[in-house]
Novice: 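Shown below is the structure under consideration.
Sequence positions, counted from 1, serve as the residue numbers for this chain.
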Amino acid sequence: MLRDSPYTPLLPVTNQCSFNSAGATTDVPKHILNFITTLFFLLLFTCTLFIVVEVCFIPRKPSFYLNSLSVANFTVSKTKLAGIWAADFTISNPNSAAEISFESIESTVLYKGNDALAITSSENFDVGFRGEKNVEMKFETSGYEGDQPIVEYPVLREIDEERKSTGTVRFGIRLNMWATYKTSYYWGTWRRRVLTHSSCLNLNVGVFAGNGSLIGDDKRYCHVAVMISGR
């Protein structure tokens with residue numbers, strides 16, 4: 001009898017299974033895999049496009065810092081103002097994918113940020129990717145040059161009164177220039193031209209016997225405004 005047999009009977013083997021195990025894996029349909037792959041590359045393309053637009057087509061504005069300011073041979077009378085100003089700036093480019101070329105640079109020394117005292121121009125210069133450039137500017141007026149501002153008597157009187165009462169004069173410097181952002185690719189060069197306005201105000205300069213320098217050792221941050229040009 002089978003009950004007394006030393007051999008265990010075997011069940012017939014079949015290639016089909018009548019139940020699904022909870023842990024068994026099933027093949028993902030091909031159209032779902034295609035959808036996931038397409039979605040992944042779409043997200044990758046979107047992120048790449050965002051980075052390119054952010055870095056290249058919406059460049060960040062440069063930073064301007066005034067390191068030092070001094071004045072020499074400074075005199076004020078009822079009819080004219082004379083002096084020589086020397087300013088030292090650091091201009092930095094925060095962009096990692098675009099260099100900046102500056103040109104048509106015109107700078108003005110102001111009194112209290114409003115009244116122009118002297119004007120000068122500077123040579124063109126470039127600032128590379130995440131680079132810095134040290135720029136020195138010299139302003140000079142004797143009060144008689146035709147290309148220098150005419151300072152009216154009320155302003156002359158206010159400057160003279162401030163110098164006599166406090167020993168200081170509150171100057172300001174305004175810089176206007178064209179800036180061109182440039183990025184080179186294999187297929188060409190991308191450019192964007194902007195008009196840059198920078199102003200450094202409330203610069204208290206101690207003046208004694210016609211000479212003086214900026215009070216305080218810290219460099220001063222200059223406000224920068226950028227206007228996109230259609231040129």
Side-chain angles (χ1 to χ4, degrees), residues 54-72 74 81 83-141 145 147-149 151 155 159 168-183 190-206 212-231:
E54 179 69 18
V55 174
C56 300
F57 296 93
I58 309 178
R60 289 180 287 173
K61 60 186 179 181
S63 299
F64 288 71
Y65 295 93
L66 176 67
N67 301 315
S68 64
L69 174 64
S70 62
V71 63
F74 185 73
L81 176 145
I84 302 173
W85 293 263
D88 180 85
F89 292 90
T90 296
I91 301 174
S92 62
N93 174 14
N95 298 279
S96 57
E99 64 177 343
I100 308 178
S101 297
F102 295 94
E103 58 188 25
S104 302
I105 304 163
E106 183 177 276
S107 306
T108 307
V109 171
L110 309 169
Y111 175 62
K112 290 187 175 180
N114 298 314
D115 301 292
L117 305 180
I119 298 174
T120 191
S121 58
S122 304
E123 295 182 355
N124 301 343
F125 60 91
D126 299 330
V127 183
F129 310 132
R130 291 192 173 276
E132 290 185 346
K133 176 72 174 180
N134 186 258
V135 179
E136 296 181 352
M137 297 183 182
K138 183 179 180 180
F139 309 79
E140 184 173 1
T141 181
E145 295 91 348
D147 59 346
Q148 293 296 321
V151 185
V155 179
I159 294 174
T168 64
V169 179
R170 194 192 323 169
F171 295 113
I173 300 180
R174 182 176 60 226
L175 301 92
N176 297 325
M177 62 190 75
W178 286 100
T180 302
Y181 293 86
K182 296 184 294 184
T183 300
W190 171 87
R191 300 173 185 267
R192 169 165 286 179
R193 186 175 171 87
V194 300
L195 183 60
T196 302
H197 302 279
S198 179
S199 56
C200 312
L201 306 178
N202 299 318
L203 306 175
N204 290 319
V205 174
S213 60
L214 185 64
I215 297 176
D217 297 329
D218 296 335
K219 63 182 181 180
R220 311 298 173 85
Y221 171 76
C222 304
H223 178 265
V224 179
V226 172
M227 298 177 60
I228 298 177
S229 171
R231 294 169 56 181

Novice: Compare all side-chain heavy atoms of Leu175 with those of Met137 and state whether any distance is below 4.5 angstrom.
Specialist: yes
Novice: As an exercise, state the distance from CD of Glu132 to OG of Ser63, rounded to the nearest 0.5 Å.
Specialist: 9.0 Å
Novice: How many angstroms lie between atom NE2 of His197 and atom NE2 of His223, to the nearest 0.5 angstrom?
Specialist: 11.0 Å
Novice: Taking side-chain hydrogen bond (donor to acceptor under 3.5 Å, both in side chains) as the definition, give me every residue that meets it alongside Asn67, ordered by chain and number, with sequence neighbours left out.
Specialist: Asp88, Thr90
Novice: Going from CD1 on Ile100 to OG on Ser92, what distance comes out if it is rounded to the nearest 0.5 angstrom?
Specialist: 8.5 Å
Novice: If every non-hydrogen atom of Glu99 is compared with every non-hydrogen atom of Gly128, which pair is closest and at what distance?
Specialist: CB-CA, 4.0 Å
Novice: When you compare the side chains of Ser101 and Lys182, does any donor N or O come within less than 3.5 Å of an acceptor on the partner?
Specialist: yes
Novice: Counting N and O atoms only, with roles assigned by atom type, does the side chain of Tyr181 sit under 3.5 Å from a partner on the main chain of Arg60, one being a donor and the other an acceptor?
Specialist: yes
Novice: Hey, which of Arg220, Lys112, Arg170 is the one that makes side chain to side chain contact (heavy atoms under 4.5 Å, CB included) with Leu203?
Specialist: Arg220
Novice: So which atom in Gly206 and which in Thr168 form the shortest heavy-atom distance, rounded to 0.1 Å?
Specialist: CA-CG2, 4.0 Å
Novice: So how far is it from Trp178 CH2 to Leu195 CG, rounded to the nearest 0.5 Å?
Specialist: 4.5 Å
Novice: Is the shortest heavy-atom distance from the side chain of Val151 to the side chain of Asp115 under 4.5 Å?
Specialist: no
Novice: Which heavy atom in Ala98 sits nearest to a heavy atom in Asn95, and how many Å separate them?
Specialist: O-CB, 3.7 Å
Novice: Are side-chain heavy atoms of Leu117 and Thr141 found at a separation under 4.5 Å?
Specialist: no
Novice: Under 6.0 Å between ring centres: does that hold for Phe171 and Phe74?
Specialist: yes
Novice: What are the two closest heavy atoms between Ala116 and Pro149, and how far apart are they?
Specialist: O-CB, 3.6 Å
Novice: So, do Pro62 and Asn93 sit near enough that their side-chain heavy atoms are less than 4.5 Å apart?
Specialist: no
Novice: Can you tell if the side chain of Phe89 reaches within under 4.5 Å of the side chain of Ser198, non-hydrogen atoms only?
Specialist: no
Novice: Rounded to the nearest 0.5 Å, what separation is found between the OG atom of Ser199 and the CG atom of Leu110?
Specialist: 9.0 Å
Novice: Which distance, rounded to the nearest 0.5 Å, do you find between the NZ of Lys133 and the CD1 of Ile91?
Specialist: 9.5 Å
Novice: I need the minimum non-hydrogen distance between Asn124 and Glu103, along with the two atoms involved.
Specialist: OD1-CA, 3.1 Å
Novice: List the atom of Ser96, the atom of Arg130, and the distance in Å for their closest heavy-atom pair.
Specialist: CB-NE, 3.5 Å
Novice: Contact between Phe64 and Cys200 at the side-chain level, heavy atoms closer than 4.5 Å - yes or no?
Specialist: no
Novice: Could you walk me through whether Thr120 and Lys138 pass the side chain to side chain contact (heavy atoms under 4.5 Å, CB included) test, one step at a time?
Specialist: CA-CA 7 Å; Thr120 191; Lys138 183 179 180 180; 5.7 Å; no
Novice: Residues two or more places apart in sequence or in another chain: which of them pass side-chain hydrogen bond (donor to acceptor under 3.5 Å, both in side chains) with Tyr65?
Specialist: none
Novice: Quick one: which residue pairs count as a ring pair (Phe, Tyr, Trp, His ring centres under 6.0 Å) with a foot in residues 108-137, not counting sequence neighbours?
Specialist: Phe102-Phe125
Novice: So, do Ile119 and Asp147 sit near enough that their side-chain heavy atoms are less than 4.5 Å apart?
Specialist: no
